[in-house]
Chemist: 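There's a structure below that I have some questions on.
First listed ligand is number 1; within each ligand, the first listed atom is number 1. Predicted model, so just to flag it, every value in this text is computed and none were measured. Note: hydrogens, waters and symmetry copies are ignored here, and every other heavy atom, side chains too, is used.
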Amino acid sequence: MNEYRGCNWCQHYRPDGTCLAFHPNPIPLSIVSGKLKHTEPLPKQKNQIVYESAPTHIVYRLDFFREQERQVLEKIEIVEGDITKLDIDAIVNAANESLIAGGGISGAIHRAAGLGLEEECLKLGICHEGSAKITRAYNLPAQWVIHTVGPVWEGGKYNEEQILRNCYSNSLKLAISYGIKTMAFPAISTGMYEFPLDKATDIALNEVKLFLEQDNVIEKVIFVCFERQAYDVYQESLKQAFPLSYIAKPTSLMP
Ligand code: APR
């Protein structure tokens, strides 16, 4: 048995009062320690926590999840720039249902790829929200373009969050079926479709993380931000999605 200091590692930063020692299936902290239950971040109180005994398996599990997180994190990159310039297996297009050139990123991709892309897109028919289709990339440095149609944000009442999750998971599934190992996503739906950027980046990172935890084929997923502001928001979401990697490992279990 080790001396277990409540939720010393995650420092109670989870607003829902759960303990990251049990990530990714966190349980309420009150159940972990038998006494504690914080429902909001209380970093200043971390030295006032009651000491309790904890089985070594808690420590073991934390190390296990930290290592699992680290392996996934190594495959993720956040960059600022223009997605059409990337020399990579596949780039993802935030498309419209008809897959024809629009404004924003789809316009940029179609312009850079040339007319061949539009011709191939026209043969594919409608792509529904949350789905993904694939074409060659023509004049782009990438090999493939995965077209996915994000939801138009209407306040969150129409399943927009789930549809956005589907965009990421369906694009990744499609990538695997084409042997794609490196791919880049834009911030789907956050332009003309007005999905709130912070919500969208949380969804993007969590969905990709979930996928990479189960999959060993994809080697690199790049999130491409067109603006500095988006880059900063992605970095913040990254910390939330990979908490064990951004929280210092305790040198001792004792205070
Ligand atoms: N590289 C990377 N990101 C880009 C680029 C680019 N070249 N151009 C735009 N972006 C970013 C935007 O800053 C935004 O954050 O891509 C994100 C998505 O913006 P939109 O292109 O507007 O996509 P979306 O919100 O999903 O709306 C889709 O817009 O272009 C039309 O035909 C498209 O109707 C569809 C709608």
Chemist: Test side-chain contact (heavy atoms from CB on, under 4.5 Å) on Glu69 and Val72; report intermediate values, then the result.
Modeler: CA-CA 5 Å; Glu69 231 191 57; Val72 173; 6.0 Å; no
Chemist: Quick test of your reading of the structure: of Val233, Ile105, Val149, whose heavy atom lies closest to atom 21 (O) of ligand 1?
Modeler: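 Selected option, by shortest heavy-atom distance: Ile105.
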Chemist: What I want to know is whether Pro186 and ligand 1 share at least one N or O pair that is separated by under 3.5 angstrom.
Modeler: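 Not met; the criterion fails.
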Chemist: Please work out which of Trp153, Tyr193, Phe223 has its closest non-hydrogen atom nearest to atom 34 (O) of ligand 1.
Modeler: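 Going through Trp153, Tyr193, Phe223 one by one, Tyr193 has the nearest heavy atom to atom 34 (O) of ligand 1.
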Chemist: Output the list of atoms in ligand 1 that are nearer than 4.0 Å to some heavy atom of Glu227, sorted by atom number.
Modeler: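 Ligand 1 atoms under the 4.0 Å threshold to Glu227: 13 (O).
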Chemist: Please list, in number order, the atoms of ligand 1 under 4.0 Å from a heavy atom of Gly104.
Modeler: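 Reading through ligand 1 atom by atom, the close ones are 21 (O), 30 (O).
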Chemist: Check whether Val221 and Val233 end up in the same hydrophobic cluster, where Ile, Leu, Val, Met, Phe, Trp and Tyr are linked by side-chain heavy atoms less than 4.5 Å apart.
Modeler: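 In one cluster with Val221: Val233, no.
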Chemist: Same cluster or not: are Leu212 and Leu164 linked, directly or through other Ile, Leu, Val, Met, Phe, Trp or Tyr residues, by side-chain heavy atoms under 4.5 angstrom apart?
Modeler: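 Yes, one cluster joins them.
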Chemist: Parallel, tilted or perpendicular for Tyr168 and Phe185, by the 30°/60° rule?
Modeler: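 Plane angle between 30° and 60°, so tilted.
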Chemist: Check Lys123 with Glu119, please: is the shortest side-chain N to carboxylate O separation under 4.0 Å?
Modeler: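 No, no charged N to carboxylate O under 4.0 Å.
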Chemist: Have Glu120 and Tyr138 got a donor and an acceptor in their side chains that come within less than 3.5 Å?
Modeler: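 Side chains of Glu120 and Tyr138: pair found under 3.5 Å.
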Chemist: Any atoms of ligand 1 less than 4.0 Å from a non-hydrogen atom of Thr190? List them with their elements.
Modeler: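 With Thr190 as reference, the close atoms of ligand 1 come out as 14 (C), 15 (O), 17 (C), 25 (O).
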Chemist: Backbone or side chain, does any N or O of Ser106 fall under 3.5 Å from an N or O of ligand 1?
Modeler: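 Yes, since at least one N or O of Ser106 sits under 3.5 Å from an N or O of ligand 1.
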Chemist: Hey, does Thr201 have a side-chain heavy atom less than 4.5 Å from the side chain of Glu236?
Modeler: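 Sidechains of Thr201 and Glu236: no contact.
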Chemist: Quick test of your reading of the structure: of Gln229, Met192, His110, Glu80, whose heavy atom lies closest to atom 22 (O) of ligand 1?
Modeler: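 Closest candidate by heavy-atom distance is Met192.
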Chemist: Counting heavy atoms only, name the option from Phe195, Phe185, Phe226 that's nearest to atom 6 (C) of ligand 1.
Modeler: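 Nearest heavy atom to atom 6 (C) of ligand 1 lies in Phe226.
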Chemist: I need the nearest protein heavy-atom contact for atom 26 (O) of ligand 1: residue, atom name and distance, please.
Modeler: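 Answer for atom 26 (O) of ligand 1: Ser189 N, 2.8 Å.
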Chemist: Check whether any heavy atom of Ala230 sits under 4.0 Å from an atom of ligand 1.
Modeler: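 False for this residue.
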Chemist: Is there a path of hydrophobic side-chain contacts, each under 4.5 Å between heavy atoms of I/L/V/M/F/W/Y residues, joining Phe242 to Val208?
Modeler: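 The answer is yes; both residues are in one hydrophobic cluster.
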Chemist: Out of curiosity, does Tyr193 fall in the hydrophobic cluster containing Phe223 (side-chain heavy atoms, cut-off under 4.5 Å, transitive links)?
Modeler: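 Different clusters.
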Chemist: If the cut-off is 4.0 Å to any non-hydrogen atom of Gly103, which atoms of ligand 1 fall inside it?
Modeler: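 Reading through ligand 1 atom by atom, the close ones are 30 (O), 31 (C).
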Chemist: Has Gly81 got any heavy atom lying under 4.0 angstrom from an atom of ligand 1?
Modeler: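 True for this residue.
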Chemist: For ligand 1 and Gly191, I'd like to know whether there is a polar contact (N/O to N/O, distance under 3.5 Å).
Modeler: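 Indeed, backbone or side chain, Gly191 has an N or O that close.
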Chemist: Mark up the atoms of ligand 1 that fall under 4.0 Å of a heavy atom belonging to Asp82, in ascending order.
Modeler: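 Going through ligand 1 atom by atom, the ones under 4.0 Å from Asp82 are 1 (N), 6 (C), 7 (N).
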Chemist: First locate atom CD1 of Ile88, then atom NZ of Lys220, and finally report the distance between them rounded to the nearest 0.5 Å.
Modeler: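 The CD1 atom of Ile88 sits 9.0 Å away from the NZ atom of Lys220.
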Chemist: Do Tyr231 and Leu73 belong together in a cluster built from hydrophobic side chains that touch within less than 4.5 Å?
Modeler: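 Yes: a chain of side-chain contacts under 4.5 Å links Tyr231 to Leu73.
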Chemist: Report the nearest protein non-hydrogen atom to atom 17 (C) of ligand 1: residue, atom name, distance rounded to 0.1 Å.
Modeler: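 I find the closest protein heavy atom is Ala187 O, 3.3 Å.
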Chemist: Counting from 1, what ligand 1 atoms have a heavy atom of Ala94 closer than 4.0 Å?
Modeler: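 Per the distance check, 23 (O), 26 (O), 28 (C), 33 (C).
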Chemist: Check Ser106 against Ile100 and note the closest heavy-atom contact, atom names and distance.
Modeler: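 In this case the closest contact between Ser106 and Ile100 is OG-O, 4.1 Å.
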Chemist: Less than 3.5 Å between some nitrogen or oxygen of Asn96 and one of ligand 1, yes or no?
Modeler: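 Yes; the residue has a nitrogen or oxygen that sits under 3.5 Å from a nitrogen or oxygen of the ligand.
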Chemist: Considering only non-hydrogen protein atoms, determine which one is nearest to atom 1 (N) of ligand 1 and report residue, atom name and distance to 0.1 Å.
Modeler: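 Result for atom 1 (N) of ligand 1: Ile83 N, 3.0 Å.
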